[in-house]
Amino acid sequence: MSSNLSDISHDQLAVRRQKLADLREKGVDPFRTDFQPTHFSSEAVAAFVDGAEPEEQPAVSVAGRLVVIRKMGKAQFVKIQDQAGIIQIYVRLDGIGAEEYADFKKLDLGDIIGVEGQLFQTKTGEISIRATKYALVSKSLRPLPEKFHGLTDTEQKYRQRHLDLIMNKDSRERFFNRSRIVSGIRRYLEERSFLEVETPVFQTIAGGAAAKPFVTHHNSLDRDFFMRISLELYLKRLLVGGFDRVFEIGRNFRNEGISRRHNPEFTMLEVYQAYSDYRGMMELIQGLIRHLVTDVLGGKEIKMPNGEVIDFMGEWREAKYKDLVCEKVGDPDWFSKSKEEKLAKTKELGLDCQPDWEDYEVSNEVFGKLIEPYLIQPTFVTHLPKELCPLAKITKDDDSTIDVFELCIGGMEIAPAYSEQNDPDVQREMFEKQAGEETQDMDEDFLETLEYGMPPAGGLGMGIDRIVILLTEAENIRDVILYPQLRS
RNA sequence: GGGUCGAUAGCUCAAUCGGUAGAGCAGUUGCCUUUUAAGCAAUUGGUUCUGGGUUCGAGUCCCAGUCGGCCUACCA
């Protein structure tokens, strides 16, 4: 149309800008707000009546982004995409009128349009809409990535997730499922009388785990705060406060390396139930995960990247930490051996343990490197050494271990749970032992709270990102976090 | 933080030994009233990530940087 269009024909942005200007000149609003669809794409497809006469098929109106355009002279097939999926539209010159059709031909891939029309089935059987009216709703000024390969450049996928979501069905479905998983968790817990709460992100002592926190500054108070590294200590205060069943789904922040399994901000579920213990938490987490697999995700088989199927419905293995370690090193007396002997053996096994490590750290290296990555089927690892966690109850008949489990699935630590330590004096002692290291500041306020009396309780944590990795068969934590951390 | 591989058109990718940077899609123009990565014909489009260096000549070799992938380290 414009005489200078040929000058800019190589520049897709300029071409679209020109089309936008032409529309405005004609008095067309390229960003109108008055289009109301009656159906999502999937609902429209479902509204098709099998066997009904063509003229009896329902009329619908839908809206979405143009993702396919196939022009054939005086008719074209296009596809639009909305949250629910994609639907095909058949637009004919004699269906919408000559002037309208001329404008329709000027639409670009990526434009958001609304369409009214009657459902029909093409000769290849695809349920489509025969357009009687259309409206440009939002003009798109930038070209979309290539239609067949989609957007594959990982950096762009993460930095411009909107493009990834437009172009890649896998990605769209994965985040859809993440959302369903999170709401499935809420539903499951609410049905069991758990209250959802929110606790502070800014904390004066970042407790509940041993990780390096981020530091931030409050201007008017003129003091630094830490961003939380765990939800634990505030939720336990609520147990003291009389909330017997509480949970929080919240962001934690750890100032550590970024990897395939680590993002500096990640989402945790923590659950606390009074008058329960780690055994009770086993039942809770098993029921919860099975609920997610069957009811939320429809019972689809879940595989590891290597093809191994994870069996969520069978019996879940239970194994003691020490038994697993002794078995792996081939020595039933491993835990009574000297550190020198342990170091020699771990070297033989190809591990690089440092001489200045504590005894339990050497054993834990065996667990972390040689055992956990191979626990593919759901496994509760129980009776961990007490040095690994100061917040759990000591096992009654073995004061070297604690009443906890670590649920491992797919070679990942998915959910730890404890019988929570509620004796304020023992808790103080455990903290003091750790305070000697660099790990944890004493949270005096928390200890004082415990002195009012905390009911016996089971507590459970679950990394939401990791369970989503597992259940959506992702390979990288970045594929389940909409906007993962990247440099600058 | 360390190691290693990578960055070429809007997107997905080529480019032999260091010798004129190409293709498909998208775009533009024309044809096409049931297409399915629609088809046919023509055609536009490049600071080869940035900055240095070697060379008659650098997308290609060297150095530094930026960003990213993978591995690794830190992460009860």
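Below, read A as the first sequence line, B as the second, and so on, with proteins coming before strands; counting in each chain starts at 1.
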Work out how far the [atom1] atom of [N] is from that of [M], and round it to whole angstrom.
| N | M | atom1 | answer |
| --- | --- | --- | --- |
| B/U54 | B/G18 | C1' | 11 Å |
| B/U28 | B/U35 | P | 24 Å |
| B/C74 | B/U50 | C1' | 31 Å |
| B/U55 | B/G46 | P | 31 Å |
| B/U8 | B/G3 | P | 24 Å |
| B/A58 | B/G19 | P | 11 Å |
| B/C40 | B/G45 | P | 23 Å |

When you check the phosphate oxygens OP1 and OP2 of [N], does a side-chain N or O of [X] lie under 4.0 Å from one of them?
| X | N | value |
| --- | --- | --- |
| A/Arg159 | B/G68 | yes |
| A/Arg92 | B/U34 | no |
| A/Lys71 | B/U34 | no |

Name the nucleic acid region contacted by [X], choosing base, sugar-phosphate or nothing; use a 4.0 angstrom heavy-atom cut-off, strictly under.
| X | value |
| --- | --- |
| A/Leu384 | nothing |
| A/Lys79 | base |
| A/Lys369 | sugar-phosphate |
| A/Arg16 | nothing |
| A/Asn476 | sugar-phosphate |
| A/Glu387 | nothing |
| A/Tyr321 | nothing |
| A/Arg487 | sugar-phosphate |
| A/Leu141 | nothing |
| A/Arg130 | base |

Side chain to side chain donor-acceptor pair (under 3.5 Å) involving [X] - partner list, sequence neighbours excluded:
| X | result |
| --- | --- |
| A/Arg317 | none |
| A/Ser400 | A/Lys322, A/Asp398 |
| A/Glu99 | none |
| A/Arg428 | A/Glu444 |

Original post:
In chain order, what residues pass the side chain to side chain contact (heavy atoms under 4.5 Å, CB included) check against A/Lys320, with sequence neighbours excluded?
Top reply: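 Checked A/Lys320 against side chain to side chain contact (heavy atoms under 4.5 Å, CB included); matches are A/Asp323, A/Thr382, A/His383.
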
What is the distance, rounded to the nearest whole Å, between atom [atom1] of [X] and atom [atom2] of [N]?
| X | N | atom1 | atom2 | answer |
| --- | --- | --- | --- | --- |
| A/Leu351 | B/A73 | CG | P | 10 Å |
| A/Phe120 | B/U35 | CZ | P | 11 Å |
| A/Ile87 | B/U35 | CD1 | P | 18 Å |
| A/Arg260 | B/A73 | CZ | P | 13 Å |
| A/Gln76 | B/C31 | CD | P | 14 Å |
| A/Ile258 | B/C71 | CD1 | C1' | 16 Å |
| A/Ile96 | B/U33 | CD1 | C1' | 12 Å |
| A/Leu66 | B/A26 | CG | C1' | 14 Å |

So if I take every side-chain heavy atom of [X] and compare against [options], which nucleotide ends up nearest?
| X | options | result |
| --- | --- | --- |
| A/Asp108 | B/U28, B/U33, B/A76 | B/U28 |
| A/Ser259 | B/A73, B/U36, B/G68 | B/A73 |
| A/Phe148 | B/A76, B/A37, B/G68 | B/A37 |

Original post:
Can you give the dot-bracket line for RNA chain B, using ( ) for pairs inside the strand, [ ] for pairs that cross earlier ones, | for pairs with another strand and . for unpaired bases, where Watson-Crick and G-U count if both distances are under 3.5 Å?
Top reply: (((((((..((((.....[..)))).(((((.......))))).....(((((..]....))))))))))))....

Any N/O donor-acceptor pair, [X] side-chain to [N] base, under 3.5 Å:
| X | N | value |
| --- | --- | --- |
| A/Gln88 | B/U35 | yes |
| A/Asp94 | B/U33 | yes |
| A/Thr122 | B/U36 | yes |

Original post:
If each of A/Tyr158 and A/Phe77 is mapped to the nucleotide of RNA chain B with the nearest heavy atom, which maps nearer the 5' terminus, i.e. the 5' end?
Top reply: A/Phe77

Original post:
More 5' along RNA chain B: A/Trp357 or A/Lys123, using each one's nearest nucleotide?
Top reply: A/Lys123

**OP:** Using a strict cut-off of less than 4.0 Å between a Lys/Arg side-chain nitrogen and an Asp/Glu carboxylate oxygen, indicate whether A/Asp94 and A/Arg92 qualify as a salt bridge.
**Re:**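 A salt bridge is present here (some side-chain N lies under 4.0 Å from a carboxylate O).
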
Original post:
Between A/Glu116 and A/Arg130, is there a side-chain N and carboxylate O pair less than 4.0 Å apart?
Top reply: no

Subject >> Residues which pass ring pair (Phe, Tyr, Trp, His ring centres under 6.0 Å) with A/Tyr234, listed by chain and number, not counting sequence neighbours >> reply: none

**OP:** Tell me, please, which residues at least two apart from A/Tyr134 pass ring pair (Phe, Tyr, Trp, His ring centres under 6.0 Å).
**Re:**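 Testing A/Tyr134 for ring pair (Phe, Tyr, Trp, His ring centres under 6.0 Å), a comparison that skips the adjacent residues, returns A/Phe104.
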
Interface polar pairs with nucleotides 8-11 of chain B, N/O, under 3.5 angstrom:
unit_1: B/C11; atom_1: OP1; unit_2: A/Gln156; atom_2: NE2; d: 3.1
unit_1: B/C11; atom_1: O2'; unit_2: A/Glu146; atom_2: N; d: 3.0
unit_1: B/C11; atom_1: O2'; unit_2: A/Gly150; atom_2: O; d: 3.4

Atom pairs and distances, side-chain donor-acceptor, residues 47-55 of chain A, under 3.5 Å, sequence neighbours left out:
none

**OP:** Answer with yes or no whether the side chains of A/Asp164 and A/Ser171 bring together a donor and an acceptor at under 3.5 Å.
**Re:** yes

**OP:** For A/Thr401 and A/Thr395, test the side chains for any donor-to-acceptor distance below 3.5 angstrom and give the result as yes or no.
**Re:**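 Distance-only check passes for A/Thr401 and A/Thr395.
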
Subject >> Interface residues of residues 397-418 of chain A with RNA chain B (non-hydrogen, below 4.0 angstrom) >> reply: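 Close to the strand, none.
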
Original post:
Which way is the base of B/C17 turned, syn or anti, if we draw the line at 90° from 0?
Top reply: syn

Original post:
Hey, does A/Met282 have a side-chain heavy atom less than 4.5 Å from the side chain of A/Glu318?
Top reply: yes

Original post:
So A/Phe405 and A/Phe380, would you call those rings parallel, tilted or perpendicular, with 30° and 60° as cut-offs?
Top reply: perpendicular

Subject >> salt bridge (charged side-chain N to carboxylate O under 4.0 Å, His left out) pairs, two or more places apart, involving residues 252-270 of chain A >> reply: A/Arg251-A/Glu265

